[in-house]
Structures are given as structure tokens and as C-alpha cells.
Undergrad: 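Provided herewith is a single structure, encoded as C-alpha cells, for subsequent inquiry.
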Amino acid sequence: MGTTDLIQWSDQFSVNIQEIDEQHKVLVDLLNQLHNAIHEHHGRATSREILNRLAEYTRTHFLLEESLMRLTHYPGFDIHKKQHQELMQQVDALQQKVDKEKVAISFELLHFLRNWLIQHINDSDKRFGRHFQKAGLATYANWSKDVEKTMKKKKWWWKFW
């Protein structure tokens, strides 16, 4: 991470479900990439491409969270899913505005996304993490050693992810 990172990952953000935490780290990294691209004046096309990756990865991440919530009969599922939908609507609107009006992605937007992510993790996602643990699924919260080893190896196709 560079000196101009927007967010520094901390274990304080952990929801104690390793797959979700690992995906949150990717989201933090993508936000930092977007921040650095804007800060270093890499141009609208580069920023838009990172925003696209961020939006697509966020959709995938939300699908995982929502799947786990359905599987564990999480009582806060509807509210949590609505929060996801509202953010994605805002991101979609931003992408359209960038394309149609040729506006640049601003630091104001980055700070909105940063604050949304931090608040969402610390409130909604941690609440689900506690539910996951209480549901007796703590043994499934962490990757097995084989999965851990595999996930630490970079694959050729990861450049597309």
C-alpha cells in the first residue's frame, strides 16, 4: 500500500468469517487503487476501469454475503440486502454520470465509498458475523490449511478478477 491510501486494513474490521474478511481486504485495496489513480492523475479512463472492477467485485461480494445470510436464516437479511441494493444503485448512477457527462471521479465520492464501507462493515457485517458464530458455524469461519495455501498462490486467471 502506498502513502496515500484511503483506508488501511485493520483487524478491527474483521467480522470473523475469513472469506468475507478476505473479500473486504480486496474492496479496500480497490478503493485504494482508485484513490491513488485519482491522486496521481492517471486519467478518467484508468479511474473508470478501476471503478468498474470495484463495482463488479462488490456485486460478487454482496452475493456471497447474502447467500450465507440465507443459508443461516439471518433475521436481518432483508435490511442488509436493501443496504447492498441502495449502494449498487448509487454506484450504477455514478458510472452512468461518468460516462454521459464525462465527469471525473472525485475525492468526495471516494470518501463517501470509504465511509460507507467502514460503517457497513463495523455495523451490519459485524452483526451478521456474530449471528454466524451464534449459529454454531464458527468451525466454518476459517479456511482449511489446504484452502489457505491455495488462496495464497496467485493464479494466471486472477488478473481478470
Undergrad: Find the distance between CD1 (I50) and CG (L34) and round it off to the nearest 0.5 Å.
TA: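 Result: 5.5 Å between the selected atoms.
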Undergrad: Verify the neighbour count for atom NE2 of H39: are there more than 12 heavy atoms of other residues, nucleotides or ligands below 6.0 Å?
TA: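 No, NE2 of H39 has 12 or fewer neighbouring heavy atoms, counting only those of other groups under 6.0 Å.
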Undergrad: If you take all heavy atoms of L51 and Q95, which pair is closest and at what distance?
TA: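 Smallest interatomic distance, heavy atoms only, reads CD2-CG, 3.8 Å.
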Undergrad: Give, for atom NE2 of H80 and atom CE of M69, the distance between the pair rounded to the nearest 0.5 Å.
TA: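 Reported to 0.5 Å precision, the distance equals 3.5 Å.
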Undergrad: Taking the six-membered ring for Trp, are Y74 and F128 parallel (under 30°), tilted (30 to 60°) or perpendicular (over 60°)?
TA: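 Ring orientation of Y74 relative to F128: perpendicular.
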Undergrad: Heavy atoms, side chains only, cut-off 4.5 Å: are I20 and L68 in contact?
TA: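 They are in contact (side-chain heavy atoms under 4.5 Å apart), so the answer is yes.
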Undergrad: Decide yes or no for M88 and F62: does some side-chain heavy atom of the first lie under 4.5 Å from some side-chain heavy atom of the second?
TA: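 Sidechains of F62 and M88: in contact.
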Undergrad: For L63, is the CG atom crowded, meaning more than 12 foreign heavy atoms sit under 6.0 Å from it?
TA: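 Buried by this count: over 12 neighbours within 6.0 Å.
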Undergrad: For the hydrophobic clusters of this structure (ILVMFWY residues joined by side-chain heavy atoms under 4.5 Å, transitively), does one cluster hold both L71 and V15?
TA: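 Looking at the clustering, V15 is in a separate group from L71.
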Undergrad: For the residue pair D21 and S14, what are the closest heavy atoms and their distance?
TA: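 Minimum heavy-atom separation between D21 and S14: OD2-OG, 2.6 Å.
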Undergrad: Between CD1 of I7 and CD1 of I118, what distance do you get to the nearest 0.5 Å?
TA: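 Spacing of CD1 (I7) from CD1 (I118) equals 4.5 Å.
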Undergrad: Go through the steps to decide whether D123 and R127 satisfy the test salt bridge (Lys or Arg N to Asp or Glu O under 4.0 Å), and finish with yes or no.
TA: CA-CA 6 Å; D123 183 35; R127 192 175 308 121; 2.4 Å; yes
Undergrad: If you measure from CD on Q119 to CG on D125, what distance do you get to the nearest 0.5 Å?
TA: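 The distance works out to 9.5 Å.
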Undergrad: Answer yes or no: is there a donor N or O on one side and an acceptor on the other, between the side chain of Q83 and the main chain of H120, under 3.5 Å?
TA: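 No: the side chain of Q83 does not pair with the backbone of H120.
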Undergrad: So which atom in H35 and which in D5 form the shortest heavy-atom distance, rounded to 0.1 Å?
TA: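 Residues H35 and D5, closest heavy atoms: ND1-C, 4.3 Å.
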Undergrad: Quick check for you: to the nearest 0.5 Å, what is the distance between N16 atom CG and K126 atom NZ?
TA: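 It is 8.0 Å, given to the nearest 0.5 Å.
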Undergrad: Same cluster or not: are F132 and L64 linked, directly or through other Ile, Leu, Val, Met, Phe, Trp or Tyr residues, by side-chain heavy atoms under 4.5 angstrom apart?
TA: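 Yes: a chain of side-chain contacts under 4.5 Å links F132 to L64.
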Undergrad: Taking 4.0 angstrom as the limit, do E22 and K25 come out as a salt bridge?
TA: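 Between K25 and E22 there is a salt bridge, with a charged N closer than 4.0 Å to a carboxylate O.
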Undergrad: Apply the test side chain to side chain contact (heavy atoms under 4.5 Å, CB included) to residues R70 and F77: give CA-CA distance (whole Å), side-chain angles for both, the deciding distance (0.1 Å), then the verdict.
TA: CA-CA 7 Å; R70 280 192 302 273; F77 172 75; 3.7 Å; yes
Undergrad: Where do T72 and H131 come nearest, in terms of heavy atoms and distance?
TA: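 Distance-wise, the nearest heavy atoms are O-NE2, 2.9 Å.
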Undergrad: Which heavy atom in R114 sits nearest to a heavy atom in L6, and how many Å separate them?
TA: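 Looking at all heavy atoms of both residues, the shortest contact is NE-O, 3.0 Å.
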Undergrad: Do D11 and W9 come within less than 4.5 Å of each other through their side chains, counting heavy atoms only?
TA: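 Side-chain contact under 4.5 Å: yes.
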Undergrad: To the nearest 0.5 Å, how far apart are CD in Q18 and CD in Q23?
TA: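 That separation rounds to 11.5 Å.
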Undergrad: Decide yes or no on side chain to side chain contact (heavy atoms under 4.5 Å, CB included) for Q8 and N32, but give the supporting numbers first.
TA: CA-CA 9 Å; Q8 293 269 328; N32 285 333; over 6 Å; no
Undergrad: Pick from L113, V91, D29: which one makes a side-chain contact (heavy atoms from CB on, under 4.5 Å) with L54?
TA: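 Passing option: L113.
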Undergrad: Salt bridge between R59 and D92, side-chain N to carboxylate O under 4.0 Å?
TA: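 Between D92 and R59 there is a salt bridge, with a charged N closer than 4.0 Å to a carboxylate O.
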Undergrad: Got E65 and K81 here, is their nearest side-chain heavy-atom distance under 4.5 Å?
TA: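 Contact flag for E65/K81 side chains = no.
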